[in-house]
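One structure below.
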Amino acid sequence: MERTFIAIKPDGVQRGLIGKIITRIEEKGFKITGLKMLQVSDEQAAAHYAEHVGKGFYKDLVKFITSSPIVAMVVEGENAVTSMRQLMGKTNPAAAEIGTIRGDFSQEMSYNTIHGSDSPESAEREIAIYFKPEEICENWHTMFELLKAKLES
Ligand code: IDP
Ligand code: MG
C-alpha cells in the first residue's frame with residue numbers, strides 16, 4: 001500500500017478546517033496512520049521545501065509554514081500520492097476544481113490550505129522530516145480491510 005505525507009497548513013488550522021479536511025481524507029477511504037499537530041521549525045521547513053530554495057516565493061513560504069501550527073499526517077491507500085493530490089486540487093486555488101479541498105476552501109496560492117507529497121519518494125523523505133518511525137501506527141486494520149481480507153480469502 002502506498003503512503004503519502006499530508007499537512008493541513010497554518011491557514012487551514014487557523015480557519016477551523018481540521019475536521020472537515022480529515023473527514024474528506026477518511027471519506028475517500030484512506031487510512032490515517034500518523035497524525036499530530038506541531039509547530040514547524042526553521043530546520044524542518046528548510047528540509048521540506050529544499051526544492052524551492054532560490055524561488056521568489058521561498059522566503060514567504062517558509063515564513064508562512066513556520067508561522068503557526070500545522071496538522072501533519074501519514075496517509076495510506078491505493079495510489080495514495082496521486083489520489084490525495086486529486087482530492088487536494090491544483091496548487092493555485094483559483095485553478096483548482098470545485099469539489100477539491102483547495103477548490104472549496106482556498107483562494108490564494110500562498111495560502112492553499114493543504115500540502116501533499118508529489119511522488120512516493122518525496123513522501124518517504126517528507127514523512128521522515130516530521131515523524132519518528134514509532135509515531136506511525138500501521139499495525140491495525142480498517143473495517144474495509146477486514147472485509148476485503150474475508151472476501152479474498
Ligand atoms: P504543491 O504544494 O501543489 O506541491 P509546489 O509547486 O510544490 O506546489 O509549491 C509548494 C507551495 O509553495 C505551494 O503549495 C504554494 O503554497 C507555494 N507556491 C508555489 N508556487 C507559488 C507562487 O508562484 N507564488 C506563491 N506561492 C507559491
Ligand atoms: Mg510540492
Side-chain angles (χ1 to χ4, degrees), residues 1-41 44-133 135-138 140 142 144-145 148:
M1 205 54 77
E2 194 167 273
R3 305 199 296 179
T4 188
F5 174 73
I6 298 297
I8 303 174
K9 293 184 179 182
D11 61 312
V13 174
Q14 294 284 355
R15 292 170 57 221
L17 296 173
I18 297 170
K20 283 194 171 139
I21 292 171
I22 289 179
T23 295
R24 288 193 179 202
I25 294 169
E26 289 187 321
E27 283 179 344
K28 177 69 184 173
F30 287 120
K31 180 176 176 181
I32 297 172
T33 55
L35 176 66
K36 63 178 166 183
M37 178 179 273
L38 70 127
Q39 176 71 49
V40 178
S41 68
Q44 284 172 316
H48 182 162
Y49 287 122
E51 66 173 305
H52 297 303
V53 170
K55 294 184 186 165
F57 59 86
Y58 176 76
K59 271 194 181 157
D60 287 343
L61 179 59
V62 169
K63 190 173 171 189
F64 167 59
I65 205 74
T66 57
S67 63
S68 73
I70 67 162
V71 171
M73 280 175 261
V74 179
V75 171
E76 193 180 292
E78 293 289 342
N79 215 9
V81 168
T82 304
S83 186
M84 264 309 306
R85 284 187 73 96
Q86 283 171 346
L87 204 65
M88 286 160 50
K90 295 202 177 84
T91 306
N92 185 349
E97 303 278 347
I98 297 301
T100 65
I101 293 168
R102 285 164 168 171
D104 288 354
F105 298 137
S106 331
Q107 296 182 47
E108 297 174 64
M109 187 95 123
S110 305
Y111 309 111
N112 59 1
T113 313
I114 185 163
H115 166 83
S117 310
D118 63 8
S119 69
E121 296 72 33
S122 302
E124 293 308 313
R125 193 183 69 81
E126 291 167 4
I127 288 168
I129 295 170
Y130 292 100
F131 287 91
K132 297 178 192 146
E135 290 175 324
I136 299 169
C137 303
E138 284 173 326
W140 62 284
T142 64
F144 186 53
E145 281 174 335
K148 280 202 296 185

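Any value given below was found using the heavy atoms of this structure, including those in side chains, with hydrogens, waters and symmetry copies removed.
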Over all atoms of both residues, closest heavy-atom pair of Thr4 and Met84: CG2-CG, 3.8 Å
Please determine which of Tyr49, Phe57, Tyr111 meets the ring-ring contact (aromatic ring centres under 6.0 Å, His included) test together with Phe64. Tyr111
Can you find a heavy atom in the side chain of Ile70 that is under 4.5 Å from one in the side chain of Gln44? no
Check whether the side chains of Glu138 and Thr33 place a donor and an acceptor atom closer than 3.5 Å, and report yes or no. no
Sub-3.5 Å donor-acceptor pair from the side chain of Glu26 to the main-chain atoms of Thr23, do we have one? no
So Met1 and Glu78, side chain to side chain contact (heavy atoms under 4.5 Å, CB included) or not? Walk me through it. CA-CA 6 Å; Met1 205 54 77; Glu78 293 289 342; 3.8 Å; yes
Give the intermediate values and the outcome of side chain to side chain contact (heavy atoms under 4.5 Å, CB included) for residues Trp140 and Lys31. CA-CA 10 Å; Trp140 62 284; Lys31 180 176 176 181; 3.6 Å; yes
When every non-hydrogen atom of Ser117 is compared with those of Ala123, the smallest separation belongs to OG-CA, 3.3 Å
Separation between CE of Met73 and CD1 of Ile32, rounded to the nearest 0.5 Å: 5.5 Å
Once rounded to the nearest 0.5 Å, what's the spacing between atom NZ of Lys20 and atom CZ of Phe105? 5.5 Å
Tightest non-hydrogen contact, residues Ile8 and Ile22, listed as CD1-CG1, 4.3 Å
Roughly how far, to the nearest 0.5 Å, is the OG atom of Ser41 from the NE2 atom of His48? 12.0 Å
Salt bridge present between Lys55 and Asp60 (N-O < 4.0 angstrom): no
Taking the side chain as every heavy atom from C-beta outward, state whether Leu17 and Ile101 have any atom pair closer than 4.5 Å. no
Shortest non-hydrogen pair, Pro93 vs Ser106, comes out as CB-O, 3.3 Å
d(Glu135 CD, Leu35 CG) to nearest 0.5 Å is 11.0 Å
Does the Glu2 side chain pair with the main chain of Glu76, one donor and one acceptor, at a distance under 3.5 Å? no
For Phe5 and His115 the tightest heavy-atom approach is CD2-CD2, 3.7 Å
Check whether more than 12 heavy atoms from other residues, nucleotides or ligands sit under 6.0 Å from atom CD of Glu145, and answer yes or no. yes
Take Val75 and Arg3 through the test side chain to side chain contact (heavy atoms under 4.5 Å, CB included) and record every step on the way to the result. CA-CA 6 Å; Val75 171; Arg3 305 199 296 179; over 6 Å; no
For Lys36, does the NZ atom have more than 12 heavy-atom neighbours from other residues, nucleotides or ligands under 6.0 Å away? yes
Side-chain heavy atoms of Val13 within contact of Val71, under 4.5 Å: yes
Side-chain (Ser83) to main-chain (Ala80) donor-acceptor, under 3.5 angstrom: no
Is there side-chain contact between Val74 and Tyr130, with at least one heavy-atom pair below 4.5 Å? no
Begin with the C-alpha distance, continue with both residues' side-chain angles, and end with the deciding distance and a verdict on side chain to side chain donor-acceptor pair (under 3.5 Å) for Gln14 and Ser68. CA-CA 8 Å; Gln14 294 284 355; Ser68 73; 2.9 Å; yes
Backbone N or O of Leu87 within a donor-acceptor pair of the Arg24 side chain at under 3.5 Å? no
Ion pair Glu97/Arg102, N-O distance below 4.0 Å: no
Got more than 12 heavy atoms from elsewhere within 6.0 Å of NZ, Lys132? no
Please walk me through it: do Ile21 and Thr113 pass side chain to side chain contact (heavy atoms under 4.5 Å, CB included)? CA-CA 9 Å; Ile21 292 171; Thr113 313; 3.6 Å; yes
Ignoring hydrogens and geometry, is there a side-chain-to-backbone donor-acceptor pair from Asn112 to Thr91 under 3.5 Å? yes
Are the side chains of Lys9 and Ile65 in contact, using a 4.5 Å heavy-atom criterion? yes
Heavy-atom pair of closest approach, residues Leu38 and Ala72: CD2-CB, 3.6 Å
